[in-house]
Structures are given as structure tokens and as C-alpha cells.
Student: 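First the structure, which I've put down as C-alpha cells, then a few questions once you've had a look.
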There are 2 protein chains.
Amino acid sequence: MTEQAAPSAGSGSRGEREAGARGEPGAGDGAGDEPIAPERKVRHGAAAAGKPATIYDVAHAAGVSHQTVSRFLKGFAGIRPETRAKVERALAELDYRPNLTARSLTTGRSHRIGALTHDIDKYGPSKILGSAAAAARDAGYVLDIVTLDTTDAASIDEALAMIAEHDVEGVLALSSTDEMTHAFERIDFRVPAFVVTEPDEPSRVRSQLATEGMPALVAHLARLGHRRILFLAGPHHWSAARNRTRAIEAAAEALGLEVTGIIEGDWSAASGYAAIADLEDLDATAIVSANDQMALGAMLALSERGLAVPRDVSVTGIDDLPDAAFYTPPLTTLRMDLAGRGRAAFAELLSRIEGSAAHEPPAVQAELIVRQSTGPAPRRTPLDSQ
Amino acid sequence: MTEQAAPSAGSGSRGEREAGARGEPGAGDGAGDEPIAPERKVRHGAAAAGKPATIYDVAHAAGVSHQTVSRFLKGFAGIRPETRAKVERALAELDYRPNLTARSLTTGRSHRIGALTHDIDKYGPSKILGSAAAAARDAGYVLDIVTLDTTDAASIDEALAMIAEHDVEGVLALSSTDEMTHAFERIDFRVPAFVVTEPDEPSRVRSQLATEGMPALVAHLARLGHRRILFLAGPHHWSAARNRTRAIEAAAEALGLEVTGIIEGDWSAASGYAAIADLEDLDATAIVSANDQMALGAMLALSERGLAVPRDVSVTGIDDLPDAAFYTPPLTTLRMDLAGRGRAAFAELLSRIEGSAAHEPPAVQAELIVRQSTGPAPRRTPLDSQ
DNA sequence: AACGGCGATGTTACCGGTAATATCGGGAAG
DNA sequence: CTTCCCGATATTACCGGTAACATCGCCGTT
């Protein structure tokens with residue numbers, strides 16, 4: 001009954017093709033109703049219909065006990081060559097594939113990690129997810145992803161409960177909002193679980209953003225003669241946003257520059273556009289945006305107000321999206337090592353899961369990339385009341 | 001031994017917090033070495049250490065058989081109110097959570113879908129993935145994602161084998177390259193599996209891109225006086241790229257416009273930039289790009305060649321990325337319903353898995369969004385040898 | 001020749017659920 | 001007052017692996 005019949009046949013849909021139809025009764029060569037396995041050898045003994053072969057089927061075919069098969073699969077050394085050969089042959093003949101579900105029931109190891117996000121289509125989270133997934137794959141794990149539509153607590157709890165039931169060995173959250181953090185505090189996962197976030201001030205991971213990246217960016221602006229900076233911040237309930245805001249405030253203070261204003265956006269280009277379009281006065285010569293996309297929106301708004309970048313105003317982003325090099329003008333930004341973050345997060349989780357020593361957390365890079373959106377500060381601030 | 005010790009304690013890392021430490025032996029109240037469950041009531045009977053409660057534990061605590069608990073959990077009606085109450089109490093007291101692994105071993109239903117991609121950080125695949133994951137969640141499924149680093153066959157096979165072993169009920173591929181398609185033809189998943197791709201010409205799903213979207217885009221250009229179009233194509237081994245190329249050729253022919261050239265990129269802004277920067281002659285007044293990002297790169301290259309968009313050349317994209325409205329100038333493009341595609345792909349897979357009737361495939365939208373990157377054609381083609 | 005030891009393999013138990021079948025007690029029918 | 005039936009619940013089997021223990025045959029020892 002869970003056995004599914006051949007699905008809607010003859011859908012001429014190109015590019016969407018069915019792989020592996022179930023076996024169907026055909027002209028058997030043996031007794032009675034012994035069906036044929038799909039385009040393969042006839043199944044042996046007890047192995048019925050299209051169901052996958054188990055170690056018992058293999059054992060029966062090879063004339064050994066199932067435990068011998070299990071040992072073989074685990075790479076156990078002490079098996080006589082002839083026995084080994086029989087098992088190998090049966091394995092191949094039946095096209096055996098281990099049932100991970102059964103295995104994880106006894107071993108308690110599912111090799112699955114839960115990943116949770118509500119912003120998978122944003123570049124940051126999806127980049128982190130991708131690299132975490134790649135790292136996971138290399139370690140023999142897969143990521144179970146569950147997305148949230150909303151940020152409300154009930155929805156998060158529901159999603160987390162779902163993940164918790166799926167027998168994962170660890171949980172990562174990729175959207176480091178406060179709602180997510182609180183949800184993680186509320187829920188008892190019984191397994192290692194944490195919110196992947198930008199290395200923050202009191203972190204073990206040296207926050208290169210705060211110690212080097214942002215100072216380098218601000219120093220770059222200072223060198224160009226800028227003294228007054230407008231900061232387009234990310235949403236305050238994101239820890240990465242607060243982190244970046246703190247970093248620029250510290251860096252500006254250290255270098256004697258003034259942050260004349262902080263406008264909170266939502267990471268989107270639209271919010272960056274709105275921030276600048278709605279501005280009455282712009283009493284700064286440089287705009288630093290907490291991410292590249294808001295910088296993109298800001299640059300459009302500036303040009304619509306008749307201000308040229310970087311002649312009248314310099315603009316920078318943070319992240320270095322692949323596209324940022326092709327904005328008009330190409331964006332000066334801080335390259336964040338998102339892929340490294342994803343890998344590090346998975347590595348950290350793995351070390352907690354497998355109990356191995358948590359190896360040295362790698363310093364996350366934040367490298368200044370200078371392009372054409374920054375230039376010498378103009379004599380006077382562009383929109384200041386003259 | 002699979003029981004993991006409390007992981008590296010005292011890591012002051014903020015934002016990364018540990019949820020749910022394992023129970024540890026404490027001052028028991030009963031006989032011998034009965035440990036205490038983490039921050040909760042003392043475990044009952046056989047339930048040892050920090051291990052999660054099973055239905056047997058619950059049954060024992062409630063004084064009924066495990067089967068009664070199972071029936072209760074399945075919402076079976078014929079249970080006496082007092083029995084029901086006992087079970088409910090025990091359930092709550094032990095903080096019971098079902099073990100999906102065990103359940104799926106017997107039922108054969110894992111409620112897990114495999115998702116495969118090597119471009120998770122690209123907007124298209126990640127958007128599709130996100131919406132598919134959301135649809136999956138609503139249906140009680142999770143997506144197991146496995147990423148590929150490369151596009152080579154061996155790597156794909158390995159990843160597919162990994163997915164196949166994880167007992168998924170269906171498989172989706174989100175990068176519709178030929179390599180992926182071929183891999184899907186090679187592998188026998190034993191479950192429904194297909195490559196999510198743009199609805200293509202011979203498809204059941206009406207290809208709105210070909211029938212309405214692209215004609216609308218070309219008509220828009222024709223109305224502005226353009227007669228010669230340069231097309232920036234996607235990589236030829238992507239079915240969506242071929243699809244888009246065919247669509248514009250057909251639309252141009254139908255409206256009597258000429259496609260003067262087709263340059264193949266790799267979807268990236270860098271490739272769009274290179275395509276235009278390397279061009280000797282530009283004997284077209286409009287550039288249509290197979291995606292928005294290549295259009296972005298193309299616009300930068302144009303401006304570096306001293307050509308203004310749209311005064312000298314009109315540019316369009318396809319996709320309507322959220323950022324496209326904030327390019328300089330804002331990009332005229334075809335809005336593709338990627339989220340709808342993801343939902344539809346999951347719905348299709350679900351209907352195959354659950355054997356329900358494949359409901360009417362929804363027409364996928366491709367809507368023309370006119371912005372400022374297109375304008376009246378100039379008198380003469382900009383870079384033509386004069 | 002009897003025996004301890006050990007390598008190779010077989011048998012049984014168990015993981016935590018669900019499905020199928022068995023049992024038990026009480027009310028209606030004869 | 002029995003008998004039968006049926007609803008409520010308990011028992012047992014099973015899913016496909018792994019772990020622990022049992023068995024068997026052959027070897028070298030004394």
C-alpha cells in the first residue's frame with residue numbers, strides 16, 4: 001500500500017523524468033507469481049516483489065548468516081576469502097543497499113543534521129547553508145532543512161519540534177535573529193544545537209570584522225578625507241546586524257570619525273533605497289551599509305537625487321556579493337567569508353556530536369575590497385543646508 | 001558510547017549556545033544508581049539515564065500496554081476516557097517524543113525528500129529550494145539536502161547514492177544541468193525522482209515563458225523601435241538556458257526582429273560583463289540577457305564603453321531578482337515565478353509519492369516588468385562600424 | 001589423545017515503533 | 001442462566017539492521 005503504482009504514465013514532460021519505475025509482474029521464468037525485479041536479475045529466495053534486498057536476502061543468497069554479511073559490510077577483517085567472495089557476489093547480484101533507517105535505529109546515529117532558516121533565498125544564509133551542506137557531505141552527513149515562513153514564535157517552535165522528531169544528531173539555525181535564539185533557548189533538543197551567527201565581540205572566535213575588517217574600511221574612508229559617516233544598519237533583531245553596528249561605531253571612534261546617523265533597514269535593496277530617498281539632510285560624505293544590497297539601493301536613491309557616487313558621496317557595503325563588483329559603480333566592500341562560516345559551524349557541530357576535541361576555531365576573514373564606489377571626500381557635505 | 005558527554009563546557013561563545021545537556025547522575029531519591037532526567041521529573045521505571053522516553057516507558061508509567069499508547073498517539077477513537085487520561089498524563093510527565101526512525105522502519109514512510117544541488121548559493125536554485133522546503137514542511141516533510149561541489153559525474157553519483165541510502169521518499173534535483181539529468185537517468189532511486197526544471201516546450205506545464213513572457217518582452221522592445229537584439233545566453237548545458245534561448249529566437253522571429261548574436265555566459269554578472277567588454281562590434285540596439293545578473297554585468301561593461309542605458313542601448317534581464325529593481329538603471333525584466341516552481345515541484349513529487357491524482361499543473365507565470373533599462377531605440381546601432 | 005585457545009561463523013536479543021492477533025469482561029439474545 | 005458478540009486492551013510478530021554471546025572446527029601443547 002505504500003507501494004506506489006507506476007505514476008501518471010506518458011506525461012511527455014521533458015526534463016522531468018521518472019527514474020526507476022517499480023517492478024511489475026512480467027513473464028516470469030520460474031514458478032508461480034515470482035515477479036521480476038526492474039530491469040535486473042530475478043530476485044532470490046524470500047526477496048519478493050520490488051522490495052529492496054536486505055542483509056537477510058543477501059545472506060540467504062550467499063549461503064551464510066546475516067551477521068556475516070553485516071560484518072562484511074562493516075569492513076571486518078576476519079572473513080575467509082571464499083566466504084568474502086560469496087558475500088560480494090550476492091551483494092552485487094541483489095543490488096543491495098543498506099537501509100539507513102534500520103541502522104540508525106540500533107546505532108542511534110542518523111548522520112543527519114537539522115538546519116533551520118527563514119531566509120534561504122537571501123544570499124548570506126543560503127551561502128552559509130551551501131557550504132555547511134558541503135562540509136556535511138564530506139563528513140557523511142546530510143542536512144535536513146526546515147524553513148519557516150514567518151518569524152513568529154509559534155511557527156518556530158513547530159518547525160523545531162519537527163526537526164527534533166526527525167532524529168537529527170545536531171541542529172543549526174542559519175538565521176540568527178533574536179526570535180531564533182530565544183526559540184533555541186526554549187527548546188530542549190537533546191542534541192548539540194546552536195544558532196550560526198557572525199563571530200561576535202565576546203566570542204572565542206576572533207571577530208576579525210571588529211578588529212581588522214571594519215577598522216580597515218573606516219581607515220580607508222578616513223584616508224580619503226571622509227569625516228562624517230551615515231550607517232545603514234541591518235535589522236536590530238539580527239545579531240549580525242548589531243555586531244556590525246557596534247563594529248563601525250567602535251572603529252569610527254577609534255579613528256576620530258563621526259557616525260552622524262544610523263538608519264535601520266531590513267537587508268534588502270528596497271530598504272536601502274528608502275533610507276536614502278526619505279532622507280531630509282545628508283550631512284555625511286560617506287555611507288556605509290551593513291550589507292551590499294542596501295548599498296545598492298542607496299546608490300540608486302543617491303543617483304535619483306542627483307548625487308554621483310563617489311564624486312559627491314562614497315558608498316560601501318559589507319559582504320562582497322558576487323554581484324557587488326558589477327554594481328554601477330562597482331562597490332567597495334568588506335568581503336566576508338560566509339563559506340568559511342558555514343564550514344566552521346558544521347565543524348563545530350561535528351566536534352560536539354562526535355565528542356572530538358573542538359579544534360581551534362578559525363579566524364573568520366573580513367577583507368577590505370576597494371572598488372570605485374569610494375573616492376575623495378567632497379569639500380562640503382552634499383545635501384547639507386548650505 | 002554513542003551517549004555523548006557534555007560537550008566542551010564553558011565556551012563563552014555568545015550566540016552559540018548549547019541546548020539540552022544530557023542528564024548526569026545526581027542525588028537520586030530512589031534505590032541505587034537511578035539518575036535524574038535533565039531538569040525534569042525523575043524518570044519512571046525502566047527509563048534510564050538521559051535517554052528519551054519510549055512508548056514502553058509511557059505505557060509502564062500509565063499502567064497500560066505499549067499498544068494502547070500507540071493507539072492513543074494515532075488518535076484512535078475507541079479508548080475509554082479514564083485510560084486516555086492516564087496515557088495523557090504519562091505522556092506529558094515523561095516528555096515523550098516519538099522516534100521517527102523507528103516509526104519509519106515499520107511504516108516505510110520517512111517523510112523525507114532528497115534535494116540535490118550544486119548551486120545553492122545562486123538565487124534561482126536557492127529560491128526554488130526555499131519554496132519547495134516550505135511546501136514540504138506544510139505537508140509534514142523535510143528536505144534532506146546534499147550539495148555537490150563539482151559537476152563531474154563521479155561526484156554526482158556519489159551524492160545520489162548518499163541520498164538514496166537516506167531512505168527518502170522522493171528526490172528532487174534543483175540544478176537542471178545535463179550532467180544532473182544524465183545522472184538521474186543512470187541511477188535507480190526506487191522512488192519518484194526528477195530534475196526540477198523550467199517548463200519546457202513539449203511540457204504538460206504550459207510554458208508561459210515561451211508563449212507569453214518572452215513574446216511580451218520582445219514586443220515591448222519592438223514597440224520601442226528595436227529591430228536587432230543581442231542575446232546573452234545561459235550555459236548551454238542547463239536546460240533552462242536552452243529553453244530561454246529557444247524562446248527568444250521564436251519570439252523574435254514571430255515579431256520580425258533579428259537576433260544578431262548569441263553569447264553564452266555562465267549566469268554570473270562577471271560573464272555578462274565579459275561578454276560585452278570583449279565585444280568588437282555591437283550591431284544591436286537591445287541586449288536581452290538570460291538572467292538578471294548577466295544583465296547587471298553587461299550594463300557595467302556598457303557604461304565603461306561610454307554607452308548609456310537606455311539611451312544608447314536597451315538592456316533586459318530575466319528572473320526579476322529582488323535587486324533588479326535597484327540596479328542603475330532599474331532593470332526591465334521578466335518576472336519568473338520561482339517560488340511557484342518550487343511549490344509545484346514539491347506538489348508533483350508529493351502526488352507521485354502518495355499516489356494521489358496529479359492535480360492540474362499550474363501555469364507558471366512569466367510577467368513583463370518594465371523599468372528604466374529599456375527605452376526608444378537610437379537612430380543607429382551604437383558600436384557599429386560607422 | 002585430551003584440551004585450551006582462537007579464528008570464523010551462527011544464534012539470539014534488542015532498538016522503538018506499527019500491525020495483526022489474542023484475550024478479557026460485560027451486555028443483549030435465547 | 002448460558003451463550004454469543006463486541007468493544008477495549010494486551011500479546012506477539014515484524015521492520016532491517018547491530019551487538020553480544022554461543023558454537024564449531026582446527027591448531028599446537030603437554
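From a predicted model like this one, the values you see are computed outputs, not experimental measurements.
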Student: List in numerical order all residues of residues 158-168 of chain B for which some heavy atom is under 4.0 Å away from an atom belonging to DNA chain C.
Tutor: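 Nucleic-acid contacts, sorted: none.
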Student: Do B/Ser104 side-chain atoms and B/Leu100 backbone N/O form a donor-acceptor pair below 3.5 Å?
Tutor: yes
Student: Could you check whether any side-chain heavy atom of B/Ile353 comes within less than 4.5 Å of a side-chain heavy atom of B/Arg109, counting everything from C-beta outward?
Tutor: yes
Student: Aromatic rings B/Phe346 and B/Tyr141: how do their planes relate, parallel, tilted or perpendicular, breaks at 30° and 60°?
Tutor: perpendicular
Student: Just the rounded figure in Å: distance from C1' of C/dA8 to CZ of A/Phe76.
Tutor: 8 Å
Student: Whole angstrom is fine here: how far is it from CZ in A/Arg84 over to P in C/dG7?
Tutor: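 Taking CZ of A/Arg84 and P of C/dG7, I get 16 Å after rounding.
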Student: Using a distance-only test with no angle check, is there a side-chain donor-acceptor pair under 3.5 angstrom linking B/Thr101 and A/Thr101?
Tutor: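 No donor-acceptor contact under 3.5 Å links the two side chains.
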Student: Residues two or more places apart in sequence or in another chain: which of them pass side-chain hydrogen bond (donor to acceptor under 3.5 Å, both in side chains) with A/Asp138?
Tutor: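 With neighbours one apart ignored, the set is empty.
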Student: Determine: side-chain N/O of A/Arg80 to OP1/OP2 of C/dG7, distance under 4.0 Å, yes or no.
Tutor: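 No, outside the criterion.
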Student: Grab the CD1-C1' distance between B/Ile79 and D/dG7 for me, whole Å please.
Tutor: 12 Å
Student: With the sugar-phosphate defined as primed atoms, P, OP1 and OP2, and the base as all remaining atoms, what B/S/- string results for nucleotides 11-18 of chain D, 5' to 3', for protein heavy atoms under 4.0 Å?
Tutor: BB--BBBB
Student: Students often get this wrong, so: under 4.0 angstrom with heavy atoms, is A/Ser104 touching a base, only sugar-phosphate, or nothing?
Tutor: nothing
Student: Salt bridge or not for A/Arg190 and A/Glu169, using N-O below 4.0 Å?
Tutor: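 No, no charged N to carboxylate O under 4.0 Å.
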Student: Quick test of your reading of the model: are B/Arg352 and B/Glu348 salt-bridged, counting only N-O distances below 4.0 Å?
Tutor: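 The answer is yes: the pair qualifies as a salt bridge.
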Student: Output yes when a side-chain donor or acceptor of A/Arg97 lies under 3.5 Å from a complementary backbone atom of B/Glu165, and no otherwise.
Tutor: no
